[in-house]
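Here is the structure we will look at, set down as structure tokens.
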Amino acid sequence: MHGENTSKGKMEIFCCLRLSSRKSFALKSLISSRVQASKRIFHNSAQSFQNEAIWHRKNINPLSCIFFNRLYIPESTHSGKSISLKYEVCRRPADFLHNQNALLSIATNGGANLLPNPLHIMSSRSIHTSKHLNVLIPPHLWILLKPAQKLFAILLGRSLRKWWRALPANKQELFKEKVKKNKLRLSLSIGAVGIIFSLFYFTHLEENPITGRSRLLFFKNEHYELLTNVEYENLIEEFKDIMLPKEDLRYQLVQMIVDHLISCNGDLPGVSKIEWVVHVVQKSDINAFVLPNGQIFVFTGMLEAVTDVHQLSFILGHELAHAILDHTAEMHSLTHFLDFLLLISIAMIWAICPMDSLAVFGQWIQSTLKDFVFNRPFSRSLEAEADKVGLQLAAKACVDVRASSVFWKQMEILESLQGQARTPEWLSTHPSHQNRADHLDRLIPEIVATI
């Protein structure tokens, strides 16, 4: 009996989720001591949540434990909002049992351990995806046709302009009168074209199985296989001399976190159908990205920028979310649809402008307006959605999701101390660091309540 109690006690301690890991990676040595002080303030604020953690032993399977955690978010970190009580049933994933000591020696300046919490949410919500759509023309052909479409619109508009100029004045007046007499037919024709485009749009709408948002999607990630493979080969060629080997502890750390996120979110079809492959690149840029085919690239600059495993887990969850949500396919689908609609305006610009130089300038204005009015705001909305879903992925993996907003606050301070010029958000494809932190602060109570 004594041996059994001792075993259960050890197992319970092993399963307990630490709300915040000790600082493991320091910011770059060239940053002043003020950055280190600022980071410690944020990190200590996250650690202060531990004082209300309460553990209750239950008469359950010794491989699992009940974690009862009263979470309260103080005003300094999450605007005075409180999170209701939550119960999580966690167990140790089998792959951590054999490998838990493999990375115990991982440390940098602070010498802290970065092992992710060996926990897994047992209860999960089943998510169903919509049926995939068939595509008559693959994306790479659409990309090849795009310049041809614009050229056709330009030639059509330019031909109409020359034709109109060549008409005698009396025939121009006759043409105008004929248009006035048949304006009803013209209006019906334009309306019919609008109906066709509307039918095409609404028949290709699909509900996002994870967020429930309707989206235009006539491409899927698998339709980008050819383009993705070309991009992947180019990246491998570019980074071949600075890619970390699998024996490197930093690579093993990223691989371990990715495996943990995937195993804890295996109920999502988008996670299980993708073959995830990790690449760690020796580069100082603070960056990480995932290709649609599951190729994960993490720069060592990102590993040095995060302060603990929770922040890194959220960043990786955010990048995984882009691939799971088919954001690349969605962005291209909507962009191609909008470009096709704008062919009419391109033809009109070249038909109305009296000179080719003015037409070129008018087309540039149209392209710029499309970029700043549509492309960039839509890209920011996809980033915000990836933040939300990435937060869900991290929360299901027993990651301290509060570290997500702390990371972006750190990045805000870092850029300020480095004297980097801040790009206005409306000019960027990503939300500003402060807005991302505020958005995550608002999401955290909602995410915790649903896990």
Side-chain angles (χ1 to χ4, degrees), residues 133-205 215-219 223-224 226-227 230-231 328-379 426-429:
L133 300 173
N134 294 322
V135 177
L136 296 178
I137 303 179
H140 56 275
L141 291 183
W142 273 108
I143 293 175
L144 293 176
L145 288 174
K146 187 175 179 180
Q149 293 171 353
K150 286 188 176 181
L151 181 61
F152 173 78
I154 291 172
L155 293 176
L156 177 62
R158 199 165 182 268
S159 300
L160 289 174
R161 185 180 67 197
K162 288 185 176 182
W163 170 79
W164 180 256
R165 284 181 177 179
L167 282 180
N170 60 334
K171 289 189 175 182
Q172 290 183 359
E173 292 299 325
L174 289 174
F175 183 81
K176 291 179 181 178
E177 290 179 4
K178 191 174 182 179
V179 169
K180 289 180 181 179
K181 289 180 180 180
N182 296 279
K183 61 181 180 180
L184 179 59
R185 292 182 179 179
L186 290 174
S187 300
L188 291 176
S189 300
I190 295 173
V193 173
I195 291 174
I196 292 174
F197 276 107
S198 299
L199 288 175
F200 179 83
Y201 178 84
F202 287 108
T203 54
H204 286 80
L205 283 180
R215 57 184 179 174
L216 177 66
L217 201 65
F218 48 89
F219 294 136
H223 298 141
Y224 284 87
L226 177 62
L227 297 176
V230 172
E231 184 179 4
T328 298
E330 181 181 358
M331 186 70 179
H332 286 189
S333 297
L334 208 51
T335 300
H336 288 318
F337 179 75
L338 189 62
D339 285 340
F340 197 77
L341 285 177
L342 292 178
L343 290 177
I344 300 174
S345 64
I346 292 176
M348 291 180 62
I349 289 173
W350 280 86
I352 295 173
C353 291
M355 299 172 58
D356 287 350
S357 57
L358 290 177
V360 170
F361 181 69
Q363 188 177 343
W364 175 82
I365 291 177
Q366 181 224 51
S367 177
T368 303
L369 287 175
K370 169 178 165 286
D371 186 31
F372 287 102
V373 174
F374 168 75
N375 287 350
R376 301 194 184 204
F378 186 66
S379 176
W426 64 276
L427 292 176
S428 176
T429 58

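Keep in mind that what you see is a predicted model, and the values were worked out from it rather than measured.
- Distance check: H332 NE2 to T328 OG1 gives 6.0 Å after rounding to the nearest 0.5 Å.
- With sequence neighbours left out, the ring pair (Phe, Tyr, Trp, His ring centres under 6.0 Å) criterion links Y201 to F337.
- For residues 360-370, the salt bridge (charged side-chain N to carboxylate O under 4.0 Å, His left out) pairs, not counting sequence neighbours, are D339-K370.
- Pairs engaging residues 151-163 under the side chain to side chain donor-acceptor pair (under 3.5 Å) rule: R158-D356, R161-D356 [sequence neighbours left out].
- At distances below 3.5 Å, at least one donor-acceptor pair connects side-chain atoms of S379 with backbone N or O atoms of T429.
- Under the rule for a side-chain contact (heavy atoms from CB on, under 4.5 Å), the partners of V179 that lie at least two apart in sequence or sit in another chain are F175, L186.
- Between H204 and F200, the distance separating the two ring centers is shorter than 6.0 angstrom.
- Distance check, rounded to the nearest 0.5 Å: CD of E330 to OG1 of T335 gives 10.0 Å.
- Here the straight-line distance linking atom OG of S333 with atom CG of L217 works out to 5.0 Å at 0.5 Å rounding.
- Every residue two or more places apart in sequence or in another chain that forms a side-chain contact (heavy atoms from CB on, under 4.5 Å) with T368 is listed here: W364, F372.
- Residue pairs that meet the ring pair (Phe, Tyr, Trp, His ring centres under 6.0 Å) test with at least one member in residues 176-196, sequence neighbours left out, do not exist here.
- Identified under the side chain to side chain donor-acceptor pair (under 3.5 Å) test for residues 183-199, with sequence neighbours left out: none.
- The CD1 atom of I190 sits 12.5 Å away from atom CD1 of I195, with the distance rounded to the nearest 0.5 Å.
- Qualifying side-chain contact (heavy atoms from CB on, under 4.5 Å) partners for F152, counting only residues two or more places apart in sequence or in other chains: L156.
- The salt bridge (charged side-chain N to carboxylate O under 4.0 Å, His left out) check on D371 picks up R376, with sequence neighbours excluded.
- Distance check, rounded to the nearest 0.5 Å: NZ of K146 to CG of L343 gives 10.0 Å.
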Taking only distance into account, with no hydrogens and no angle test, what donor-acceptor pairs under 3.5 Å do side-chain atoms of residues 344-354 form with protein atoms, sequence neighbours excluded?
unit_1, atom_1, unit_2, atom_2, d
S345, OG, L342, O, 2.6
S345, OG, Q366, NE2, 2.3
W350, NE1, Q363, OE1, 3.0

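- Within the structure, side chain to side chain donor-acceptor pair (under 3.5 Å) pairs that include any residue of residues 165-176 do not occur (at least two apart or interchain).
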